[in-house]
Amino acid sequence: MGKTLFEKICDKEIPADIVYEDDQVVAFRDIDPKAPTHVLVIPRKPIPRINEAQPEDQKLLGHLLLKAADVARSLGLGEDGFRLVLNNGRDAGETVPHLHCHILGGRKMDWPPG
Ligand code: 5GP
């Protein structure tokens with residue numbers, strides 16, 4: 001199996017505006033932002049989507065969520081708020097089969113989402 005698009009971003013084979021990285025996760029700005037701040041936080045491990053995560057991924061997924069909140073705060077979203085989104089599968093609008101947590105902020109969000 002070839003690398004996913006997001007694995008290539010992790011490995012710096014495709015350029016991206018990386019705002020945070022460590023040995024487990026990478027956060028970079030979305031190429032087509034849907035809010036004034038739109039960042040994707042991904043595990044380096046290419047889990048396709050949350051529906052395919054395994055019990056052994058528990059620590060990694062906890063780390064990813066805590067880092068998403070850290071990144072949101074570091075980008076100035078801590079006070080007014082932000083939304084974290086995981087799109088799983090076709091009906092949810094998933095387009096890249098490598099788990100990613102969207103951080104969206106900088107504007108008021110509607111609820112329920114469309
Ligand atoms: P999904 O629709 O799967 O939840 O989200 C995939 C996201 O990846 C989309 O918001 C899309 O704009 C973003 N994306 C797709 N290709 C690239 C790329 O090459 N670079 C970056 N930075 N974002 C991308």
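Counting starts at 1 for both ligands and their atoms, following the listed order. FYI, the numbering just counts along the sequence from 1.
- Residue-ligand proximity: Val85 is placed with every non-hydrogen atom at 4.0 Å or more from ligand 1.
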Go through the steps for His100 and His98 under the test ring-ring contact (aromatic ring centres under 6.0 Å, His included), then give the verdict. CA-CA 6 Å; His100 46 283; His98 182 137; 7.9 Å; no

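- Of all the heavy atoms in Glu7 and Gly2, the pair that sits closest is OE1-O, 4.3 Å.
- Put simply, NZ on Lys34 and NE2 on His102 are 7.5 Å apart, with the number rounded to the nearest 0.5 Å.
- Heavy-atom minimum distance, Leu99 versus Pro43: O-CD, 3.2 Å.
- Atom 14 (N) of ligand 1 has Ile31 CG2, 3.8 Å as its closest protein atom, hydrogens excluded (heavy atom only).
- Any N or O atom pair closer than 3.5 Å counts here, and Arg29 shares at least one such pair with ligand 1.
- When each of Val39, Val41, Leu40 is checked for a side chain to side chain contact (heavy atoms under 4.5 Å, CB included) with Phe28, only Leu40 meets the rule.
- Proximity to Phe6 (heavy-atom distance under 4.0 Å) selects the following atoms of ligand 1: 8 (O).
- The two residues Met109 and Ala35 make their nearest non-hydrogen contact at CE-CB, 4.2 Å.
- Proximity of Asp17 to ligand 1, defined as any heavy-atom pair under 4.0 Å, is not found for any part of the residue.
- Going from atom CG of Leu65 over to atom CG of Leu84 covers 6.5 Å, rounded to the nearest 0.5 Å.
- Short contacts between ligand 1 and Val96, defined as distances under 4.0 Å to a heavy atom of the residue, involve ligand atoms 3 (O), 6 (C).
- Ligand-side atoms of ligand 1 in range of Ile9: 20 (N), range being under 4.0 angstrom from any heavy atom.
- Taking a cut-off of under 4.0 Å to the non-hydrogen atoms of Leu5, the atoms of ligand 1 that pass are 16 (N), 17 (C), 19 (O).
- Each of the atoms 10 (O), 12 (O) of ligand 1 lies under 4.0 Å from some heavy atom of Lys34.
- Note that the CD atom of Glu13 and the CG atom of Leu5 stand 11.0 Å from one another [nearest 0.5 Å].
- Note that CG of Asn88 and CD1 of Ile50 are 7.5 Å apart. Values are rounded to the nearest 0.5 Å.
- For atom 3 (O) of ligand 1, the nearest non-hydrogen atom of the protein is Thr95 N, 2.6 Å.
- Taking every heavy atom of Asp32 and a limit of under 4.0 angstrom, the matching atoms of ligand 1 come to 12 (O).
- The protein non-hydrogen atom at the shortest distance from atom 1 (P) of ligand 1 is His100 NE2, 3.1 Å.
- Ranking protein heavy atoms by distance to atom 13 (C) of ligand 1, first place goes to Asp30 OD2, 3.3 Å.
- Considering backbone and side-chain N/O of Gly93, one or more are found under 3.5 Å from N/O of ligand 1.
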